[in-house]
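Report on one structure; see the data block that follows.
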There are 2 protein chains.
Amino acid sequence: MLRERGVAPTSQRVSIALEMLLEPTHLTAEEVVRRVGRQDAHVSRATVYNTLRCFVDHGLLRLVNVGTERVFYDSNTSAHHHFYDPQSGRLTDIDDSEVSIVGMPRLPEGHEVEAVELVIRLKPAS
Amino acid sequence: MLRERGVAPTSQRVSIALEMLLEPTHLTAEEVVRRVGRQDAHVSRATVYNTLRCFVDHGLLRLVNVGTERVFYDSNTSAHHHFYDPQSGRLTDIDDSEVSIVGMPRLPEGHEVEAVELVIRLKPAS
DNA sequence: CTAACTGCAAACGTTTTGCAACTTT
DNA sequence: AAAGTTGCAAAACGTTTGCAGTTAG
């Protein structure tokens, strides 16, 4: 899987891939550090951050911004949207049939779209 | 304007309000620190951050998240969306007639919507 | 007089970086 | 040997906080 995307499969990268790419996940870098550390390999924080960036660059993960707090890495790289609950720090998918974005605005001269990010922030019901 | 919203108008708050609330702006906290410092008053970083949060809480500004880098404060508090160009660090409005979000997904049990954030990230045209 | 606000500097949490050591090839 | 990868600790970044002093009503 890594080789297919041109990512040299070192043992650390494989550990991270096993944790993230086998099932749908929404993990922060720190969660990956914890999870990978919990079993087999110790992977350094720096390497986790490098690897996640590398996976994003090679289309294995999608980066999801929710604010300044943290970044999520989503193993589902197809276009879809998210709920974010700052209370619990949990990110969840929005079913694609439930919302859609209609229309594509004229882009500023000399630019193209890098990413479309729709995040619905949640709060406890009043 | 401040009093209307129940915000006690101290001199620092007035300085910041003059900078942000008179015309449409998309400023980061650091830009506000610089701009306010450039003229009359020296307002401390802490006070700028406190004041911006206060203005958001009282509906004078809208907070726009674009990632981990920084937060923007938008003097247009009505529902609308944004382009973000990481290259230039500039945030711009998307005309409301150009995109819309259709449908409102079922929310997770016990939650309601705090904010709907649609940000289109730009990159230089290839 | 009191409650609220300010400013400094120190703390924070997440992410990046410099660089020497270690794998690969 | 060259190219790429790793890990540590330190730095960077934007933001928040503790607290003593100040201001406003």
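Computed over heavy atoms, backbone and side chain alike; hydrogens, waters and symmetry mates excluded. Computed from a predicted model, the values in this text were never measured in an experiment. Here is how names work: the chains are called A, B, and so on, in the same order as the sequence lines, proteins then strands, and each is numbered from 1.
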Find the distance [X]:[atom1] to [N]:[atom2] and express it as a whole number of Å.
{"X": "B/His58", "N": "C/dC5", "atom1": "NE2", "atom2": "C1'", "value": "13 Å"}
{"X": "A/Asn65", "N": "D/dC13", "atom1": "CG", "atom2": "P", "value": "19 Å"}
{"X": "A/Arg3", "N": "D/dG4", "atom1": "CZ", "atom2": "P", "value": "17 Å"}
{"X": "B/Leu52", "N": "D/dT16", "atom1": "CG", "atom2": "C1'", "value": "13 Å"}
{"X": "A/Ile16", "N": "D/dT6", "atom1": "CD1", "atom2": "C1'", "value": "11 Å"}
{"X": "A/Arg53", "N": "C/dT15", "atom1": "CZ", "atom2": "C1'", "value": "9 Å"}
{"X": "A/Arg45", "N": "D/dC8", "atom1": "CZ", "atom2": "P", "value": "10 Å"}
{"X": "B/Glu31", "N": "D/dG14", "atom1": "CD", "atom2": "C1'", "value": "13 Å"}

Practice prompt. Taking all heavy atoms of B/Leu60 and all of B/Val7, pick out the closest pair and write down the distance.
Written response: CD1-CG2, 4.2 Å

Worksheet entry | Minimal non-hydrogen separation, B/Asp93 against B/Phe83, with atom names | O-CD1, 4.2 Å

Worksheet item: Which is true for A/Glu30 with a 4.0 Å heavy-atom rule: it touches a base, it touches only sugar-phosphate, or it touches nothing?
Response: base

Worksheet item: DNA chain D: A/Arg13 or B/Phe72, which has the more 5' nearest nucleotide?
Response: A/Arg13

Practice prompt. Tell me which of B/Ala46 and B/Ser11 sits closer to the 5' end of DNA chain D, going by the nucleotide each one is nearest to.
Written response: B/Ala46

Fill in: Donor + acceptor pair across side chains of A/Asp74, A/His80 (<3.5 Å)
yes

State whether [X] places a side-chain N or O below 4.0 Å from either non-bridging phosphate oxygen (OP1 or OP2) of [N].
{"X": "B/Gln12", "N": "D/dT23", "result": "no"}
{"X": "B/Thr10", "N": "C/dT6", "result": "yes"}
{"X": "B/Tyr49", "N": "D/dT16", "result": "no"}
{"X": "A/Thr47", "N": "D/dT5", "result": "no"}

Discussion item. Return whichever of B/Thr68 or B/Asn50 has its heavy-atom-nearest nucleotide of DNA chain C closer to the 5' end.
Written reply: B/Asn50

Discussion item. Strictly below 4.0 Å, N to O, side chains only: are B/Arg106 and A/Glu98 in salt-bridge contact?
Written reply: yes

Discussion item. Does this structure show an ion pair linking B/Arg121 with B/Glu69, if we count only N-O contacts that are shorter than 4.0 Å?
Written reply: yes

Worksheet entry | Nearest to side-chain heavy atoms of A/Val71, which nucleotide of C/dT15, D/dT16, D/dG14 | C/dT15

